[in-house]
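Just below is one structure, and these are the notes that go with it.
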Amino acid sequence: MLRWTDPAETPATLRPCVATFGNFDGVHRGHRVVIDTLLAEAARRALPAVIVTFDPHPVQVLHPERAPELISPGTLHEELLEATGIDGLCVVPFTTAYAQQLPEDYIVSTFVEGLGVAALVVGADTKGFGRGYTGDVELIRDLGAAHGFDVVVVADQGEGMRWSSTAVRERLRDGDVEGAAEILGRPHRVVGTIVHGFHRGRELGYPTANLERRSRGVVPADGVYAGWFTRLDLPAEHPDRVLPAAISVGTNPTFDGTQRTVEAYCLDRTDLDLYGEEVAVDFVVHLRPTLKFDSIDELLVAMARDVDQARDILSGAR
């Protein structure tokens, strides 16, 4: 996949192309239908498939006070898009000046002049782009007719509800990682580097790997989860790359903690030295809420039960 930042500098090998545009935060199942349509249209025309997206997220620039926490920020977002099989990704730096383009100018300069687009694939809910938030599907249809490109509109997607990034965030805020996975089409992932914690887990017989506080991805509600722990620095074929884990999110109230952390215990492993590694934590099932126990013995009983549940769930998932 080729990556660049200025539509005017689109590589010649990607012109003409079939394209789409959007934020695609989370690259959920609704996004995948649009991208799959993009890939099918590109294959039918024997042309490259290109996505135009933005960094930072437009709301972070235009309305930072209500900007959403990103489901899949930065490189995680680009990795998910690359995995779809697209040929090119144009990541446009989004600024207040960029947002002042008239919607007609944006479509013409980006897709007609920049990408030489033969067909533009858009979701039926595409709207609110360009100055005054006035761009919509009908405008794109009119510009397609005027400038000689086809417009392919994909209907809203969902099973009983519309699949959206907002719906994913709502479920994660509730700790409903299974519901989030239904929309995403995969378990929700948080990525970060392993750092030193208080080492309480090791003292209790359950050594945990603590993610740095500035991890990437929406952290679900406080609680205990079963999930997968992926050591991203190891090669794909390494037997210890992906490990089953019990994951705790919260402030460790039994120890009167105040700092919210994400920590994972790789099941039945006490031999791992993970400090400094970049890892991914995938949340599969919510086991229980975070609780404050009256004694260490009560905590140990609960932790043993959590580990047994996680082992049973993940052995079936594998």
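Bear in mind that the values here come from a model prediction, so they are computed numbers and not experimental data. Each residue takes its place number in the sequence, starting with 1.
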Task: Heavy-atom closest pair, residues Leu62 and Ala99 - done: CD2-CB, 3.8 Å
Open item on the list: Quick one, Val301 and Phe293 - any side-chain contact, counting heavy atoms below 4.5 Å?
Closed with: no
TODO: Go through the steps for Val218 and Val190 under the test side chain to side chain contact (heavy atoms under 4.5 Å, CB included), then give the verdict.
DONE: CA-CA 7 Å; Val218 176; Val190 173; over 6 Å; no
Open item on the list: When you compare the side chain of Asp150 with that of Arg45, does any pair of heavy atoms fall below 4.5 Å?
Closed with: yes
Open item on the list: Between Leu120 and Val92, is there shared hydrophobic-cluster membership here, with clusters defined by ILVMFWY side-chain heavy atoms closer than 4.5 Å?
Closed with: yes
Task: N-O pairing of Asp174 and Arg171 below 4.0 Å - done: no
Open item on the list: So that I can tick it off, tell me whether Arg269 and Asp240 are bridged by a salt bridge, with the cut-off set at under 4.0 angstrom between side-chain N and carboxylate O.
Closed with: yes
Task: Lys/Arg N to Asp/Glu carboxylate O, Arg311 vs Asp268, below 4.0 Å - done: yes
Open item on the list: Taking Leu102 as the starting point, is it possible to reach Val122 by hopping between hydrophobic residues whose side chains are less than 4.5 Å apart?
Closed with: no
Open item on the list: Looking at Thr208 and Tyr265, would you say the former's side chain and the latter's main chain have a donor-acceptor pair under 3.5 Å?
Closed with: no
- [ ] Kindly compute the distance separating NE2 (His196) from CG (Asn210), expressed to the nearest 0.5 Å.
- [x] 10.0 Å
- [ ] Using atom types as modelled and distance alone, determine if a side-chain donor or acceptor of Glu278 lies under 3.5 Å from a backbone N or O of Thr193.
- [x] no
Task: Distance-only polar pair, side chains of Ser72 and Arg216, donor-acceptor under 3.5 Å - done: no
- [ ] Would you indicate whether the side-chain heavy atoms of Asp222 and Arg260 approach each other to under 4.5 Å?
- [x] yes
TODO: Flag yes if Ile140 and Phe54 sit in one hydrophobic cluster, no otherwise; membership is Ile, Leu, Val, Met, Phe, Trp, Tyr, and two members link when side-chain heavy atoms are under 4.5 Å apart.
DONE: yes
Open item on the list: Counting C-beta onward and ignoring hydrogens, is there a side-chain heavy-atom pair between Val61 and Thr95 closer than 4.5 Å?
Closed with: no
Task: Rounded distance [0.5 Å steps], CD1 in Ile313 versus CG in Leu287 - done: 5.0 Å
TODO: Work out which heavy atom in Gly227 is nearest to a heavy atom in Val284; give both atom names and the distance.
DONE: CA-CG2, 3.7 Å
Open item on the list: Angle between ring planes, Phe24 versus His31, binned at 30° and 60°: parallel, tilted or perpendicular?
Closed with: perpendicular
Task: For Arg173 against Ala221, the heavy-atom pair lying closest together - done: O-CB, 3.2 Å
Task: Asp36/Arg29 salt bridge by N-O under 4.0 Å criterion - done: no
- [ ] Go through the steps for Thr261 and Arg213 under the test side chain to side chain contact (heavy atoms under 4.5 Å, CB included), then give the verdict.
- [x] CA-CA 7 Å; Thr261 61; Arg213 294 187 68 188; 5.7 Å; no
Open item on the list: Using 0.5 Å steps for rounding, measure from the CD1 atom of Ile194 to the CD atom of Glu263.
Closed with: 10.0 Å
Task: Asp125: salt bridge (Lys or Arg N to Asp or Glu O under 4.0 Å) partners, not counting sequence neighbours - done: Arg162
Task: Non-hydrogen atoms of Pro93 and Thr5 that approach each other most closely - done: CD-O, 3.5 Å
Open item on the list: Just verifying a value: how many Å separate Ile51 CD1 and Leu89 CG, rounded to the nearest 0.5 Å?
Closed with: 6.5 Å
TODO: Look only at the side chain of Thr110 and the backbone of Tyr106, and say whether a donor-acceptor pair between them is shorter than 3.5 Å.
DONE: yes
Open item on the list: I'd like to know if the side chain of Thr290 reaches the main chain of Gly250, judged simply by a donor and an acceptor atom lying under 3.5 Å from each other, with no hydrogens or angles considered.
Closed with: no
Task: Residue from Glu170, His28, His188 passing side chain to side chain contact (heavy atoms under 4.5 Å, CB included) with Ile183 - done: His28
Open item on the list: Restricting to non-hydrogen atoms, name the atom on Asn23 and the atom on His77 that form the minimum distance, rounded to 0.1 Å.
Closed with: O-NE2, 2.9 Å
Open item on the list: Under 4.5 Å between side-chain heavy atoms, counting indirect links through other Ile/Leu/Val/Met/Phe/Trp/Tyr residues: same cluster for Val18 and Phe111 or not?
Closed with: no
Task: Side-chain touch Asn252/Lys292, heavy atoms, less than 4.5 angstrom - done: no
Open item on the list: Please evaluate residues Leu14 and Leu115 with respect to the criterion side chain to side chain contact (heavy atoms under 4.5 Å, CB included), reporting the C-alpha separation (whole Å), side-chain torsions for both, the decisive distance (0.1 Å), and the verdict.
Closed with: CA-CA 7 Å; Leu14 296 179; Leu115 276 69; over 6 Å; no
- [ ] Could you tell me whether a side-chain N or O of Arg15 sits under 3.5 Å from a main-chain N or O of Gly114, the two making a donor and an acceptor?
- [x] yes
Open item on the list: Nearest 0.5 angstrom please: Leu81 CG to Ile35 CD1, how far?
Closed with: 5.5 Å
- [ ] Step by step, work out the side chain to side chain contact (heavy atoms under 4.5 Å, CB included) result for Phe283 and Val249.
- [x] CA-CA 11 Å; Phe283 294 82; Val249 177; 3.9 Å; yes
TODO: Report, as yes or no, whether the 6.0 Å neighbourhood of atom CD on Gln309 holds more than 12 heavy atoms from other residues, nucleotides or ligands.
DONE: yes
- [ ] Would you mind reporting whether Glu104 and Asp142 have side-chain heavy atoms less than 4.5 Å apart?
- [x] no
- [ ] With the side chain counted from C-beta on, respond yes when His286 and Asp176 share a heavy-atom pair under 4.5 Å apart, and no when they do not.
- [x] no
- [ ] Mark yes or no for whether Glu78, through its side chain, and Leu76, through its backbone, hold a donor-acceptor pair below 3.5 Å.
- [x] no
Open item on the list: Would the distance check show the side chain of Arg131 and the main-chain N or O of Gln100 forming a donor-acceptor pair, the cut-off being under 3.5 Å?
Closed with: yes
TODO: Work out which heavy atom in Leu70 is nearest to a heavy atom in Pro73; give both atom names and the distance.
DONE: O-CD, 3.7 Å
Open item on the list: Under a 3.5 Å distance rule, please check whether Arg231 uses its side chain to pair with a backbone N or O of Val279 as donor and acceptor.
Closed with: no
- [ ] Look at the side-chain heavy atoms of Ile, Leu, Val, Met, Phe, Trp and Tyr, link any pair under 4.5 Å apart, and say whether Val52 and Leu2 land in one connected group.
- [x] yes
Task: Gap separating the CD atom of Glu9 from the CH2 atom of Trp4, nearest 0.5 angstrom - done: 11.0 Å
Open item on the list: I want to check something: taking the side chain as every heavy atom from C-beta on, are Phe149 and Ile107 in contact at a cut-off of under 4.5 Å?
Closed with: yes
TODO: Would you mind checking if Arg169 and Glu69 are paired as a salt bridge, meaning a charged N to carboxylate O distance below 4.0 Å?
DONE: no
Task: Check: Phe94 ring centroid to His57 ring centroid under 6.0 Å - done: no
